[in-house]
Amino acid sequence: MCGIIGIASSKKDRTLTDVLVSSLARLEYRGYDSVGVASLDEGGIDVRKAKGKVVEVVKRKKINEMNGYLFLGHTRWATHGAPNDQNAHPHIDCTGKIAVVHNGTLTNYKELREELESLGHKFRSDTDTEVIPHLVEEFMKRGMDSFSAFKAAISSLKGSYAILMIMEGERRIFFARLDNPLVIGLGEDNKNFVASEYAPFLPFTSTVVTIQDGEVGFVTPSSVYIEKDGKVVDINDRIHKLNFSVISASKGGYSHFMLKEIHESPLAVKETISTMLSDEAVVEASRIISNANRVFVVAAGTSYHAGLFFTRYLNLSSLTAIPVIASEYSSYKAKSGDVVLALSQSGETLDVKMAIKKFRNDGASIISITNVIESTISRESDVKLYMRAGPELGVAATKTFVSQVASLMILKSRVLNEDTSYLAKAPQILEDAVEETEGKMKRWSTLIDFPSVYYLSKGIGVPLAMEGALKIKEVAYVHAEAYPAGESKHGPIALVSEGFPVIFVNPGLDELKVNMEEMKSRGAKIFSISTVNTNLTDNEVIVKSERDLEPFALSPPLQLLAFYVSVNKGIDPDRPRNLAKTVTVE
């Protein structure tokens with residue numbers, strides 16, 4: 001949610017606005033409602049911003065005509081104040097000489113605003129962010145230099161933030177972060193970047209420096225300065241090269257990122273399995289879990305559904321594993337001897353971060369699985385595990401879901417001392433499932449013409465049914481609910497009428513036939529995605545699988561069905577309304 005990009009260049013060049021606009025476009029998938037840009041040259045700061053999409057705001061505000069040495073760009077997802085022109089970022093101080101963009105939320109902004117207004121500062125927006133430029137302005141009035149004033153302002157803030165600031169007369173972009181991601185890209189030709197993530201600047205550089213929580217500093221066109229708690233940070237051991245290519249972050253001939261990423265699932269799982277099987281950290285994580293009193297598996301959304309597989313496997317082996325929806329972490333109490341397994345594709349999900357902080361204070365050890373090297377959650381973990389799914393730009397998690405499942409299967413096999421050779425077939429099963437079901441899912445998508453749909457299953461199929469229901473809600477705006485099939489008789493079946501669509505996710509369980517008959521006899525339109533032939537409906541797709549690999553066979557058709565229903569309805573599945581890829585607010 002919200003996206004930030006800053007560019008510091010030694011040359012005043014009109015092509016910088018093209019770089020800026022393309023960077024903003026690569027932030028769109030995070031979800032946003034307004035766009036803004038600030039540029040700085042000898043004439044001062046120029047701010048242009050408005051509600052709307054990047055392409056609309058760029059055209060309406062003539063952003064391509066802006067010029068300067070330094071640029072800030074922002075895509076805002078409203079938290080404080082309505083999504084409108086005045087609340088769009090950047091925000092400026094009373095003099096217009098300081099401009100700030102911010103991702104996160106400030107919990108003490110009302111107190112700060114009242115204090116600043118009592119000192120004569122004039123506010124133009126309803127946002128929490130606007131207190132920041134006024135604070136810097138106030139501290140400079142009291143005699144501080146620019147960097148000291150910036151640090152003093154940051155130390156006044158409570159909440160979460162990734163902040164960039166430019167100031168008239170300065171050739172540097174100031175930054176600070178706490179509980180929100182921020183990374184630096186070291187470009188060529190005296191040009192540096194700082195952004196919420198890698199994607200905005202990936203076409204221009206793959207050399208990056210991570211910024212950690214509690215750090216402040218600045219980038220110039222040719223240098224980076226970071227400090228924490230007043231001490232200078234040596235960044236040399238943080239400089240590393242990304243292995244994400246520009247091509248891998250583009251659509252590569254597909255109509256949408258979501259479709260491309262579904263087709264990339266076999267490779268993502270292959271890379272994940274190959275890397276994790278040789279990772280010593282997996283051995284350490286499995287040792288800790290084996291000796292744990294209890295294992296809390298903490299995650300949100302799709303990651304939560306992946307986590308349900310892990311808890312099921314451990315509970316069936318008489319180990320105690322508890323699935324925790326991250327935003328409900330306060331309902332649980334850990335103690336010494338417990339372990340938290342934190343799952344997050346981005347590694348920046350704020351609910352998960354808050355949960356692991358709480359459980360660590362309770363005395364638990366932290367193990368994490370993320371898709372981003374040195375993400376905040378991985379850095380705050382005792383053991384860091386990484387899947388290798390590559391960049392995922394569609395808002396709906398697809399290849400990262402199956403990569404999480406693969407990661408968790410490796411981990412549970414290590415914990416249970418199982419042979420892991422069965423996993424070698426997972427990429428081929430995925431590939432076959434994508435190729436063999438896509439045509440049928442395209443046809444089925446025209447049959448899902450009810451406003452609601454049920455996804456039913458049993459056992460290992462229940463998390464898949466939940467994920468299938470989530471996907472069609474996310475990208476196709478179809479109301480969907482998932483139930484254990486046996487539970488459907490205890491209420492949900494009352495809604496079933498003639499033509500009501502019910503999708504059975506069948507990992508080879510004969511028991512589901514009874515439930516299919518129940519729904520069919522009440523007029524439901526039955527669909528079956530199955531590893532066995534049930535002969536109970538014309539709408540059945542059979543996917544090839546082997547024991548314990550059913551999630552890799554059943555996931556692609558569920559994702560493809562959601563995708564094609566979305567496209568049929570004229571919705572952009574890459575950017576569904578109200579959703580963001582990286583959820584950095586509670």
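Positions are given from 1 along the sequence. The basis for the numbers below is simple: all heavy atoms, side chains too, and nothing from hydrogens, waters or symmetry mates.
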Hey, mind stepping through V194 and N192 against side chain to side chain contact (heavy atoms under 4.5 Å, CB included) and telling me if it holds? CA-CA 7 Å; V194 57; N192 283 329; over 6 Å; no
Using the rule given for side chain to side chain contact (heavy atoms under 4.5 Å, CB included), can you reason through F193 versus V19, listing the C-alpha separation, both sets of side-chain angles and the distance that settles it, and then say yes or no? CA-CA 11 Å; F193 303 84; V19 174; 3.9 Å; yes
For a side-chain hydrogen bond (donor to acceptor under 3.5 Å, both in side chains) check, start with the C-alpha distance between R379 and T210, then their side-chain angles and the critical distance, and finish with the verdict. CA-CA 11 Å; R379 287 200 307 274; T210 55; 4.9 Å; no
Evaluate L16 against K191 for side chain to side chain contact (heavy atoms under 4.5 Å, CB included), listing each step before the verdict. CA-CA 10 Å; L16 284 175; K191 189 186 297 152; 3.8 Å; yes
With side-chain hydrogen bond (donor to acceptor under 3.5 Å, both in side chains) as the criterion, how do K471 and T302 come out once you've worked through the C-alpha distance, each side chain's angles and the decisive distance to 0.1 Å? CA-CA 9 Å; K471 277 291 154 288; T302 289; 3.1 Å; yes
Would you please test K335 and D362 for salt bridge (charged side-chain N to carboxylate O under 4.0 Å, His left out) and show each step? CA-CA 5 Å; K335 58 186 177 182; D362 290 342; over 6 Å; no
If you apply the rule side chain to side chain contact (heavy atoms under 4.5 Å, CB included), what do you find for H74 with C2, and how did you get there? CA-CA 7 Å; H74 192 265; C2 301; 4.0 Å; yes
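Scanning both residues, L106 and S160, for their nearest heavy atoms gives CD2-O, 4.1 Å. The two residues V100 and M165 make their nearest non-hydrogen contact at CG2-CG, 3.6 Å. The shortest non-hydrogen separation linking A149 to V136 is CB-O, 3.8 Å. A pairwise comparison of heavy atoms in V475 and A396 identifies CG1-CB, 3.7 Å as the closest pair. In plain terms, the two heavy atoms of K97 and I45 that are nearest each other are O-CD1, 3.2 Å. Between I5 and A195, the shortest heavy-atom contact is CD1-CB, 3.9 Å.
Counting only N and O atoms by type, the side chains of E348 and S375 include no donor and acceptor under 3.5 Å apart. With no hydrogens or angles considered, no side-chain donor-acceptor pair links R76 and T127 at under 3.5 Å. E261 and Y254 are not linked by any side-chain donor-acceptor pair at a separation below 3.5 angstrom, with hydrogens and angles left out of the test. No side-chain donor-acceptor contact under 3.5 Å links T398 and Q559. Remark: the Q345 side chain and the S303 side chain contain an N/O donor-acceptor pair separated by less than 3.5 Å. Using a 3.5 Å distance cut-off with no hydrogens or angles, the side chains of S222 and N190 do not pair a donor with an acceptor. Checking S148 against D145 by side-chain atom types alone, a donor-acceptor pair falls below 3.5 Å.
The line from CG of L178 to CD of Q212 is 12.5 Å long, rounded to the nearest 0.5 Å. From I163, atom CD1 reaches atom CD1 of I173 across 14.0 Å, with rounding to the nearest 0.5 Å. Atom CG of residue L157 and atom OG1 of residue T105 lie 11.0 Å apart, to the nearest 0.5 angstrom. Atom CG of D46 and atom CZ of F71 lie 9.0 Å apart (nearest 0.5 Å). Atom NE2 of H102 sits about 5.5 Å away from atom CG of D128, to the nearest 0.5 Å. A distance of 7.5 Å separates NZ in K399 from CG in N371, rounded to the nearest 0.5 Å.
The main-chain N or O of L112 is never found under 3.5 Å from a side-chain atom of N108 such that the two would form a donor-acceptor pair. A donor-acceptor pair under 3.5 Å is formed between the side chain of K358 and the backbone N or O of Y332. When atom types are taken as modelled, the side chain of R177 and the backbone of A162 share no donor-acceptor pair closer than 3.5 angstrom. Checking side-chain atoms of S196 against main-chain N and O of G3 turns up no donor-acceptor pair under 3.5 Å. Judged by distance alone, the side chain of S34 and the main-chain N or O of P83 form no donor-acceptor pair under 3.5 Å. Remark: the backbone N or O of F218 is not paired with any side-chain donor or acceptor of R172 at under 3.5 angstrom. For the pair E130 (side chain) and S125 (backbone), a donor-acceptor distance under 3.5 Å is present. A donor-acceptor pair is defined here as one N or O able to donate and one able to accept, closer than 3.5 Å; such a pair exists between the side chain of D85 and the backbone of K51. The main-chain N or O of A476 is found under 3.5 Å from a side-chain atom of K569 such that the two form a donor-acceptor pair. A donor-acceptor pair under 3.5 Å is formed between the side chain of S118 and the backbone N or O of E115.
Both the sub-6.0 Å distance and the 45° axial angle are satisfied by K151 relative to the ring of F147.
No side-chain heavy atom of V395 sits less than 4.5 Å from a side-chain heavy atom of E474. When side chains are defined from C-beta on, L182 counts as touching L164, because their heavy atoms get closer than 4.5 Å. Side-chain contact check for H91 versus K49: some heavy-atom pair is nearer than 4.5 Å. Put simply, the side chain of M258 does not reach to within 4.5 Å of the side chain of S566, judged on heavy atoms. Here the side chains of H479 and P451 are not in contact, with every heavy-atom distance at 4.5 Å or above. Between V567 and H256 the shortest side-chain heavy-atom distance falls below 4.5 Å. Inter-residue side-chain proximity for Y161 and I154 is flagged as met; some heavy-atom pair is nearer than 4.5 Å. Contact of the L24 side chain with the V57 side chain is not registered, since no non-hydrogen atoms from C-beta on lie closer than 4.5 Å.
Other residues, nucleotides and ligands contribute at most 12 non-hydrogen atoms within 6.0 Å of the NZ atom of K231. The number of heavy-atom neighbours closer than 6.0 Å to CD of E188, taken from other residues, nucleotides and ligands shown, is 12 or below. The environment of NZ in K384 is crowded: more than 12 heavy-atom neighbours from other residues, nucleotides or ligands sit within 6.0 Å.
A salt bridge is absent between K110 and E114: the closest approach of a Lys/Arg side-chain nitrogen to an acidic carboxylate oxygen does not fall below 4.0 angstrom. A salt bridge is defined here as a Lys NZ or Arg NE, NH1 or NH2 lying under 4.0 Å from an Asp or Glu carboxylate O, and R360 with D382 meets this definition. Note on E215 versus R238: salt bridge recorded, some NZ/NE/NH1/NH2 to OD/OE distance being below 4.0 Å.
Taking the six-membered ring for Trp and thresholds of 30 and 60 degrees, F359 and F296 have nearly parallel ring planes, at less than 30 degrees apart.
When ring centroids are compared, F123 and H134 come within the 6.0 Å threshold.
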